[in-house]
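Working notes, beginning with the structure itself.
In what follows, chains carry the letters A, B, and so on, assigned in the order in which the sequence lines appear, proteins first and then strands, with residues in each chain numbered from 1.
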Amino acid sequence: MRVIPQRLRGEQIPDRVEVRGEIYMSTRSFEKLNEEMKDSRLFANPRNAAAGSLRQKDSRITASRHLDFFGYQIGYMQGMDFTNQWEALQLIREWGFPVNPHIHLARTLDEVMDYCKKWEQERFNLPYEIDGVVIKISDLAQQQELGTVARDPRWAIAFKYPPTQVATQLLDIRVNIGRTGSVNPWAVLEPVNIRGVTVARAALHNEGDVQRKDLRVGDWVLVQRAGEVIPQVVKPIVERRTGKEQVYHLPERCPLCDTPIIRIPDQA
DNA sequence: CTACAACTGCAATGGGTCGC
DNA sequence: GCGACCCATTGCAGTTGTAG
(Lines give C-alpha, C1' and ligand atoms only; values in the text may rest on other atoms or scores of the structure.)
Protein backbone atom coordinates (compact mmCIF):
# COMPACT_ATOMS: atom_id res chain seq x y z
CA MET A 1 0.00 0.00 0.00
CA ARG A 2 1.68 3.15 -1.24
CA VAL A 3 -0.06 5.36 1.33
CA ILE A 4 1.83 3.60 4.13
CA PRO A 5 5.19 5.37 4.58
CA GLN A 6 8.23 3.13 4.17
CA ARG A 7 10.13 5.39 6.59
CA LEU A 8 8.81 7.48 9.44
CA ARG A 9 9.21 11.17 8.74
CA GLY A 10 9.50 14.20 11.04
CA GLU A 11 11.62 15.18 14.02
CA GLN A 12 10.28 12.92 16.75
CA ILE A 13 10.85 9.28 15.84
CA PRO A 14 10.20 6.57 18.45
CA ASP A 15 12.46 3.52 18.76
CA ARG A 16 9.53 1.22 18.13
CA VAL A 17 5.88 1.93 17.44
CA GLU A 18 2.64 0.23 16.48
CA VAL A 19 0.28 2.36 14.40
CA ARG A 20 -3.27 1.10 14.19
CA GLY A 21 -5.76 2.20 11.59
CA GLU A 22 -8.42 1.28 9.11
CA ILE A 23 -7.89 0.19 5.53
CA TYR A 24 -10.59 1.17 3.06
CA MET A 25 -11.25 1.53 -0.64
CA SER A 26 -12.49 4.82 -2.01
CA THR A 27 -15.67 4.83 -4.07
CA ARG A 28 -13.64 5.96 -7.08
CA SER A 29 -11.05 3.17 -6.78
CA PHE A 30 -13.88 0.66 -6.36
CA GLU A 31 -15.61 1.82 -9.53
CA LYS A 32 -12.34 1.82 -11.46
CA LEU A 33 -11.52 -1.66 -10.24
CA ASN A 34 -14.87 -2.96 -11.44
CA GLU A 35 -14.35 -1.31 -14.83
CA GLU A 36 -11.06 -3.18 -15.16
CA MET A 37 -12.79 -6.40 -14.11
CA LYS A 38 -15.35 -6.04 -16.89
CA ASP A 39 -15.00 -9.63 -18.14
CA SER A 40 -14.96 -11.48 -14.83
CA ARG A 41 -17.20 -11.09 -11.80
CA LEU A 42 -17.68 -7.69 -10.26
CA PHE A 43 -17.10 -6.82 -6.64
CA ALA A 44 -20.30 -6.22 -4.73
CA ASN A 45 -19.20 -3.19 -2.72
CA PRO A 46 -16.05 -1.30 -1.64
CA ARG A 47 -15.93 -2.96 1.76
CA ASN A 48 -15.75 -6.49 0.41
CA ALA A 49 -13.43 -5.43 -2.41
CA ALA A 50 -11.03 -4.02 0.20
CA ALA A 51 -11.28 -7.14 2.36
CA GLY A 52 -10.66 -9.41 -0.61
CA SER A 53 -7.73 -7.32 -1.80
CA LEU A 54 -6.07 -7.69 1.59
CA ARG A 55 -6.46 -11.46 1.57
CA GLN A 56 -4.60 -11.82 -1.70
CA LYS A 57 -1.65 -14.13 -1.31
CA ASP A 58 0.26 -12.26 -4.01
CA SER A 59 0.94 -8.84 -2.49
CA ARG A 60 1.51 -7.38 -5.94
CA ILE A 61 -2.20 -7.77 -6.57
CA THR A 62 -2.93 -6.06 -3.26
CA ALA A 63 -0.59 -3.21 -4.27
CA SER A 64 -2.46 -2.74 -7.54
CA ARG A 65 -5.83 -2.32 -5.84
CA HIS A 66 -5.36 1.28 -4.61
CA LEU A 67 -6.32 0.68 -1.02
CA ASP A 68 -6.30 3.63 1.34
CA PHE A 69 -5.59 4.02 5.03
CA PHE A 70 -6.40 6.24 8.01
CA GLY A 71 -4.30 5.88 11.16
CA TYR A 72 -6.43 6.21 14.30
CA GLN A 73 -4.42 4.90 17.24
CA ILE A 74 -0.97 4.20 18.62
CA GLY A 75 -1.00 0.70 20.09
CA TYR A 76 2.51 0.48 21.44
CA MET A 77 5.30 3.00 21.54
CA GLN A 78 8.84 2.89 22.92
CA GLY A 79 11.01 5.90 23.61
CA MET A 80 8.35 8.62 23.42
CA ASP A 81 5.23 9.71 25.16
CA PHE A 82 1.87 11.32 24.55
CA THR A 83 -1.02 12.07 26.87
CA ASN A 84 -4.13 12.03 24.73
CA GLN A 85 -5.73 10.82 21.51
CA TRP A 86 -5.40 14.18 19.84
CA GLU A 87 -1.61 14.21 20.30
CA ALA A 88 -1.42 10.63 19.11
CA LEU A 89 -3.15 11.56 15.86
CA GLN A 90 -0.79 14.51 15.33
CA LEU A 91 2.20 12.19 15.80
CA ILE A 92 0.82 9.62 13.38
CA ARG A 93 0.33 12.35 10.82
CA GLU A 94 3.82 13.79 11.33
CA TRP A 95 5.29 10.36 10.68
CA GLY A 96 3.65 10.35 7.27
CA PHE A 97 0.54 8.23 7.76
CA PRO A 98 -2.76 9.51 6.44
CA VAL A 99 -5.02 10.72 9.25
CA ASN A 100 -8.65 11.57 8.65
CA PRO A 101 -8.88 15.34 8.10
CA HIS A 102 -12.34 15.51 9.68
CA ILE A 103 -11.32 14.61 13.23
CA HIS A 104 -12.85 16.99 15.73
CA LEU A 105 -12.06 17.66 19.37
CA ALA A 106 -15.39 18.13 21.12
CA ARG A 107 -15.72 19.77 24.52
CA THR A 108 -19.26 18.77 25.38
CA LEU A 109 -21.69 15.95 24.72
CA ASP A 110 -23.87 18.37 22.75
CA GLU A 111 -20.94 19.07 20.50
CA VAL A 112 -20.51 15.33 19.94
CA MET A 113 -24.19 14.97 19.04
CA ASP A 114 -24.04 17.94 16.66
CA TYR A 115 -21.02 16.42 14.93
CA CYS A 116 -22.77 13.09 14.43
CA LYS A 117 -25.89 14.81 13.09
CA LYS A 118 -23.88 17.01 10.76
CA TRP A 119 -22.21 14.02 9.10
CA GLU A 120 -25.38 12.04 8.66
CA GLN A 121 -25.97 14.06 5.47
CA GLU A 122 -22.46 15.32 4.72
CA ARG A 123 -21.06 11.80 4.58
CA PHE A 124 -22.50 11.40 1.08
CA ASN A 125 -20.01 14.00 -0.14
CA LEU A 126 -17.04 11.96 1.13
CA PRO A 127 -14.91 10.03 -1.40
CA TYR A 128 -15.59 6.82 0.56
CA GLU A 129 -18.52 5.18 2.33
CA ILE A 130 -18.96 5.40 6.09
CA ASP A 131 -21.68 4.00 8.32
CA GLY A 132 -21.00 6.08 11.43
CA VAL A 133 -18.68 8.11 13.61
CA VAL A 134 -16.25 6.88 16.28
CA ILE A 135 -16.35 8.78 19.57
CA LYS A 136 -13.39 8.54 21.94
CA ILE A 137 -12.31 9.89 25.29
CA SER A 138 -9.15 11.78 24.39
CA ASP A 139 -7.32 11.76 27.74
CA LEU A 140 -5.19 8.61 28.12
CA ALA A 141 -5.37 8.65 31.92
CA GLN A 142 -9.15 8.64 31.70
CA GLN A 143 -8.99 5.84 29.12
CA GLN A 144 -6.92 3.82 31.59
CA GLU A 145 -9.37 4.51 34.39
CA LEU A 146 -12.34 3.44 32.26
CA GLY A 147 -10.63 0.26 31.14
CA THR A 148 -11.81 -2.40 28.76
CA VAL A 149 -14.60 -4.97 29.03
CA ALA A 150 -13.90 -8.15 27.07
CA ARG A 151 -12.68 -6.72 23.77
CA ASP A 152 -14.66 -3.51 24.01
CA PRO A 153 -13.00 -0.41 25.44
CA ARG A 154 -15.30 1.68 27.62
CA TRP A 155 -13.63 4.84 26.32
CA ALA A 156 -14.65 4.47 22.68
CA ILE A 157 -17.89 3.76 20.88
CA ALA A 158 -19.19 3.84 17.33
CA PHE A 159 -22.25 5.92 16.53
CA LYS A 160 -23.91 4.21 13.56
CA TYR A 161 -26.34 5.83 11.16
CA PRO A 162 -29.57 3.94 10.49
CA PRO A 163 -28.90 1.29 7.84
CA THR A 164 -30.90 1.17 4.61
CA GLN A 165 -34.15 -0.76 5.03
CA VAL A 166 -35.77 -2.64 2.18
CA ALA A 167 -39.17 -4.33 1.95
CA THR A 168 -39.43 -7.95 0.85
CA GLN A 169 -41.54 -11.02 1.48
CA LEU A 170 -41.04 -13.57 4.22
CA LEU A 171 -41.51 -16.74 2.18
CA ASP A 172 -40.93 -19.29 4.90
CA ILE A 173 -39.49 -19.91 8.34
CA ARG A 174 -37.31 -22.97 8.69
CA VAL A 175 -35.29 -24.36 11.55
CA ASN A 176 -31.73 -25.50 11.89
CA ILE A 177 -30.53 -27.80 14.63
CA GLY A 178 -27.25 -26.57 16.11
CA ARG A 179 -24.40 -28.78 17.20
CA THR A 180 -25.55 -28.38 20.81
CA GLY A 181 -29.13 -29.37 19.96
CA SER A 182 -30.52 -25.85 19.91
CA VAL A 183 -33.41 -25.23 17.53
CA ASN A 184 -32.76 -22.07 15.52
CA PRO A 185 -35.41 -20.62 13.23
CA TRP A 186 -34.30 -18.65 10.18
CA ALA A 187 -36.12 -16.60 7.57
CA VAL A 188 -36.36 -17.53 3.89
CA LEU A 189 -36.76 -14.21 2.12
CA GLU A 190 -37.59 -13.21 -1.42
CA PRO A 191 -34.04 -12.17 -2.40
CA VAL A 192 -33.51 -8.39 -2.28
CA ASN A 193 -30.57 -6.21 -3.10
CA ILE A 194 -29.51 -4.06 -0.16
CA ARG A 195 -26.74 -1.67 -1.21
CA GLY A 196 -24.89 -4.15 -3.35
CA VAL A 197 -25.51 -7.48 -1.66
CA THR A 198 -28.33 -9.94 -2.14
CA VAL A 199 -30.08 -10.91 1.05
CA ALA A 200 -32.09 -14.13 0.97
CA ARG A 201 -31.86 -15.39 4.57
CA ALA A 202 -31.66 -14.02 8.07
CA ALA A 203 -31.34 -15.48 11.53
CA LEU A 204 -34.45 -15.30 13.69
CA HIS A 205 -32.62 -16.63 16.76
CA ASN A 206 -35.53 -18.35 18.56
CA GLU A 207 -39.29 -18.73 18.75
CA GLY A 208 -39.64 -15.87 21.22
CA ASP A 209 -37.94 -13.49 18.80
CA VAL A 210 -40.41 -14.44 16.07
CA GLN A 211 -43.36 -13.88 18.41
CA ARG A 212 -42.05 -10.57 19.76
CA LYS A 213 -41.78 -9.22 16.23
CA ASP A 214 -45.06 -10.95 15.30
CA LEU A 215 -43.59 -12.30 12.07
CA ARG A 216 -45.96 -14.39 9.99
CA VAL A 217 -45.12 -16.51 6.99
CA GLY A 218 -46.23 -14.56 3.91
CA ASP A 219 -45.69 -11.17 5.55
CA TRP A 220 -44.07 -8.24 3.81
CA VAL A 221 -41.16 -7.36 6.09
CA LEU A 222 -38.52 -4.67 6.48
CA VAL A 223 -35.01 -6.03 6.15
CA GLN A 224 -31.70 -4.31 6.90
CA ARG A 225 -28.06 -5.16 7.31
CA ALA A 226 -26.98 -4.50 10.89
CA GLY A 227 -23.60 -2.82 10.89
CA GLU A 228 -24.05 -2.69 7.11
CA VAL A 229 -23.32 -6.42 7.02
CA ILE A 230 -25.50 -8.86 8.97
CA PRO A 231 -28.94 -9.51 7.49
CA GLN A 232 -31.71 -8.74 9.97
CA VAL A 233 -35.50 -8.83 9.79
CA VAL A 234 -36.66 -5.62 11.48
CA LYS A 235 -40.46 -5.96 11.55
CA PRO A 236 -43.51 -6.93 9.55
CA ILE A 237 -45.31 -4.34 7.43
CA VAL A 238 -48.69 -4.86 9.06
CA GLU A 239 -50.57 -2.59 6.63
CA ARG A 240 -49.74 -4.93 3.77
CA ARG A 241 -51.33 -7.99 5.35
CA THR A 242 -54.01 -9.79 3.39
CA GLY A 243 -55.13 -12.22 6.06
CA LYS A 244 -53.48 -15.18 4.40
CA GLU A 245 -50.35 -14.91 6.55
CA GLN A 246 -49.57 -17.86 8.78
CA VAL A 247 -48.70 -17.44 12.47
CA TYR A 248 -45.50 -19.33 13.20
CA HIS A 249 -44.97 -22.20 15.62
CA LEU A 250 -41.85 -24.26 16.11
CA PRO A 251 -42.19 -27.81 14.80
CA GLU A 252 -42.82 -30.44 17.45
CA ARG A 253 -40.21 -32.79 16.05
CA CYS A 254 -36.71 -32.40 14.63
CA PRO A 255 -37.06 -32.05 10.84
CA LEU A 256 -33.98 -34.22 10.38
CA CYS A 257 -34.30 -37.13 12.79
CA ASP A 258 -37.89 -36.80 14.06
CA THR A 259 -36.81 -36.58 17.71
CA PRO A 260 -39.39 -34.65 19.77
CA ILE A 261 -38.38 -31.03 20.38
CA ILE A 262 -38.63 -29.91 23.98
CA ARG A 263 -38.51 -26.48 25.50
CA ILE A 264 -36.49 -26.12 28.67
CA PRO A 265 -38.61 -24.04 31.12
CA ASP A 266 -37.62 -20.37 31.29
CA GLN A 267 -35.28 -20.74 28.35
CA ALA A 268 -35.44 -19.40 24.81
C1' DC B 1 -12.88 -27.76 -14.52
C1' DT B 2 -16.50 -27.10 -10.68
C1' DA B 3 -17.99 -27.56 -5.94
C1' DC B 4 -17.30 -26.86 -1.50
C1' DA B 5 -15.12 -26.28 3.17
C1' DA B 6 -12.55 -23.21 6.11
C1' DC B 7 -11.82 -18.74 7.53
C1' DT B 8 -12.80 -13.55 8.29
C1' DG B 9 -15.49 -9.23 9.74
C1' DC B 10 -19.69 -7.57 11.03
C1' DA B 11 -24.25 -7.57 14.84
C1' DA B 12 -27.64 -9.57 17.63
C1' DT B 13 -29.35 -12.96 20.25
C1' DG B 14 -29.01 -16.57 24.14
C1' DG B 15 -26.70 -19.78 27.60
C1' DG B 16 -23.25 -21.13 31.07
C1' DT B 17 -19.78 -20.19 34.58
C1' DC B 18 -17.31 -17.56 37.90
C1' DG B 19 -16.64 -14.21 41.50
C1' DC B 20 -18.38 -10.69 44.38
C1' DG C 1 -28.52 -11.06 41.44
C1' DC C 2 -25.29 -8.91 38.52
C1' DG C 3 -21.11 -7.90 35.84
C1' DA C 4 -17.57 -9.99 33.27
C1' DC C 5 -16.34 -13.27 30.16
C1' DC C 6 -16.55 -17.07 26.86
C1' DC C 7 -19.05 -19.69 23.56
C1' DA C 8 -22.83 -20.90 19.98
C1' DT C 9 -25.52 -19.58 16.10
C1' DT C 10 -26.86 -17.07 11.95
C1' DG C 11 -25.64 -14.83 6.53
C1' DC C 12 -22.98 -12.56 2.80
C1' DA C 13 -18.80 -11.54 -0.02
C1' DG C 14 -14.43 -12.65 -0.58
C1' DT C 15 -9.76 -15.74 -1.01
C1' DT C 16 -7.53 -19.99 -0.58
C1' DG C 17 -6.98 -24.84 -0.73
C1' DT C 18 -8.71 -29.35 -1.62
C1' DA C 19 -11.91 -32.94 -3.21
C1' DG C 20 -14.22 -34.93 -7.03
Every protein N/O lying under 3.5 Å from an N/O of nucleotides 14-16 of chain B:
from, atom 1, to, atom 2, distance (Å)
B/dG14, OP1, A/R212, NH2, 3.4
B/dG15, OP1, A/A268, N, 2.5
B/dG16, OP2, A/Q267, NE2, 2.9

End axis versus end axis in the helix from B/dC1-C/dG20 to B/dC20-C/dG1, the angle rounded to 10°, five pairs used at each terminus: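 Roughly 50° between the end axes, to the nearest 10°.
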Please set out all donor-acceptor pairs under 3.5 angstrom arising from side-chain atoms of residues 8-18 of chain A, sequence neighbours excluded.
from, atom 1, to, atom 2, distance (Å)
A/E18, OE2, A/R20, NE, 2.8
A/E18, OE2, A/R20, NH2, 3.3

Any side-chain donor near an acceptor of the partner, A/H104 and A/E111, under 3.5 Å: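 Yes, A/E111 and A/H104 have a side-chain donor paired with an acceptor closer than 3.5 Å.
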Interatomic distance, A/Q224 CD vs B/dT13 P [rounded to whole Å]: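 Value for this atom pair: 11 Å.
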What N/O pairs connect the protein and nucleotides 5-7 of chain B at under 3.5 Å? Give each pair on its own line.
none

Nucleic acid contacts of residues 57-72 of chain A, taken as heavy-atom distances under 4.0 Å to DNA chain C: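 Per residue number, the list reads A/K57.
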pair A/E129-A/Y24: side-chain heavy atoms closer than 4.5 Å: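 No. Closest side-chain heavy atoms not under 4.5 Å.
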Nearest to side-chain heavy atoms of A/K160, which nucleotide of B/dA12, C/dA13, B/dC10: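 Per side-chain heavy atoms of A/K160, the pick is B/dC10.
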Nearest-nucleotide pick for A/V197, side chain only, options being B/dA11, C/dC12, C/dA4: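 Selected nucleotide: C/dC12.
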Pairwise ring pair (Phe, Tyr, Trp, His ring centres under 6.0 Å) hits with a residue in residues 159-213 of chain A, at least two apart: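 Sorted result for residues 159-213 of chain A: A/F159-A/Y161.
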Ion pair A/R216/A/D214, N-O distance below 4.0 Å: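 Looking at A/D214 together with A/R216, the answer is yes, because their closest N to O distance falls below 4.0 Å.
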